[in-house]
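Hydrogens, waters and symmetry mates play no part in the numbers below; they use all other heavy atoms, side chains included.
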Amino acid sequence: PRHGMTLIEILLTSMLMGMILVAIYSCVISSVQTKQTVERVTGASKVGPVILSLMADDLEQCYIPTGTSRPFFVGDDFGSGEEAADSLNFVTLRPSVLEEKDPAGNSRRAEYIEAGYFLEKSDAMDGFHKLYRREQFFLEEDPLRGGKFLLLYDLVKALNFQYYNV
């Protein structure tokens, strides 16, 4: 009567189990990568309308004071089509999205803020940009600079503003 297994049987069994585990691991890794890709692509369809709504709300309440020569609405055209990376800076009556605190640490709101939208090249993926919203709580001498920056989305292909004289 034979008891146990030979060394060759143990090696063959180990090799077979190893090949099965490698195949299972490959399937799991592939599934996780596919899931992440699908979530990124479908996430854009959910994030896009929210970002456009934020921009629309800001622009609907755009404020341009009269009797001043300072620029309160400035759009810069950088490229066109899929290479467009325009920027837009303006004053809006919309409340601040970012929290601002006074010296005592209390939250505060301003009647109007400087806002802006611009793209910055993405380090993570070629051909994509990061979309930022700039917000300055108080009007400064130069309403196109300074403030806090909020990353809205990091997979933007282009930003192209169109202007019409009415």
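Rounding to the nearest 0.5 Å places CG of Asp57 at 12.5 Å from CG of Leu93. Taking OG from Ser122 and CG from Leu155, the interatomic distance works out to 6.5 Å, rounded to the nearest 0.5 Å. Taking NZ from Lys130 and OH from Tyr132, the interatomic distance works out to 4.0 Å, rounded to the nearest 0.5 Å. Taken to the nearest 0.5 Å, the CG atom of Leu131 stands 5.5 Å off from the CG atom of Leu119.
Residues passing the ring-ring contact (aromatic ring centres under 6.0 Å, His included) test with Phe149 are Phe118, sequence neighbours excluded. Applying the side chain to side chain contact (heavy atoms under 4.5 Å, CB included) criterion to Tyr163, with sequence neighbours excluded, gives Phe73, Leu88, Phe161. Listed by chain and residue number, Lys157 satisfy the side chain to side chain contact (heavy atoms under 4.5 Å, CB included) test with Glu82 (two or more places apart in sequence, or in another chain).
Linking Ile, Leu, Val, Met, Phe, Trp and Tyr whenever their side-chain heavy atoms come within less than 4.5 Å leaves Val50 and Tyr117 in two separate clusters. Hydrophobic cluster membership is shared by Leu152 and Leu59, with clusters built from Ile, Leu, Val, Met, Phe, Trp and Tyr side chains linked at under 4.5 angstrom. Residues Leu52 and Leu150 fall within the same hydrophobic cluster, defined by Ile, Leu, Val, Met, Phe, Trp and Tyr side chains chained together at heavy-atom separations under 4.5 Å. Met55 and Leu151 fall into different hydrophobic clusters, where Ile, Leu, Val, Met, Phe, Trp and Tyr side chains are chained together by heavy-atom contacts under 4.5 Å.
Residue pairs meeting the salt bridge (charged side-chain N to carboxylate O under 4.0 Å, His left out) criterion with at least one partner in residues 14-24, sequence neighbours excluded, are absent. Residue pairs satisfying the salt bridge (charged side-chain N to carboxylate O under 4.0 Å, His left out) criterion with at least one member in residues 146-156, sequence neighbours excluded, are listed as follows: Arg40-Asp154, Glu100-Lys148. Counting only residues at least two apart or in different chains, ring pair (Phe, Tyr, Trp, His ring centres under 6.0 Å) contacts with residues 45-71 comprise Tyr63-Tyr112.
At most 12 non-hydrogen atoms from other residues, nucleotides or ligands lie less than 6.0 angstrom from CG of Asp126. Within 6.0 Å of CD1 in Ile64 there are more than 12 heavy atoms belonging to other residues, nucleotides or ligands.
Side-chain contact between Leu7 and Leu11 is present, with heavy atoms from C-beta onward closer than 4.5 Å. With contacts defined as side-chain heavy-atom distances shorter than 4.5 Å, the pair Phe128/Tyr153 does not qualify. Here the side chains of Leu12 and Met15 are in contact, with some heavy-atom distance below 4.5 Å. Contact check for Arg134 versus Asn89: side-chain heavy atoms found under the 4.5 Å cut-off. You'll find the side chain of Arg94 reaches within 4.5 Å of the side chain of Leu54, heavy atoms only. No side-chain heavy atom of Gln162 sits less than 4.5 Å from a side-chain heavy atom of Asp77.
Remark: side-chain polar atoms of Thr34 are paired, donor with acceptor, to backbone N or O of Ser30 under 3.5 angstrom. Under the 3.5 Å distance criterion, the side-chain polar atoms of Asp86 are matched with a main-chain donor or acceptor of Phe78. Judged by distance alone, the side chain of Thr92 and the main-chain N or O of Asp58 form a donor-acceptor pair under 3.5 Å.
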- Task: For the pair Val22 and Met19, evaluate side-chain contact (heavy atoms from CB on, under 4.5 Å) and give the outcome as yes or no after the intermediate values.
- Result: CA-CA 5 Å; Val22 165; Met19 290 184 341; 5.8 Å; no
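In terms of heavy-atom proximity, Ile113 sits nearest to Gln136 at CB-O, 3.4 Å. Across Gly81 and Ala158, no two heavy atoms sit closer than the pair O-CB, 3.6 Å.
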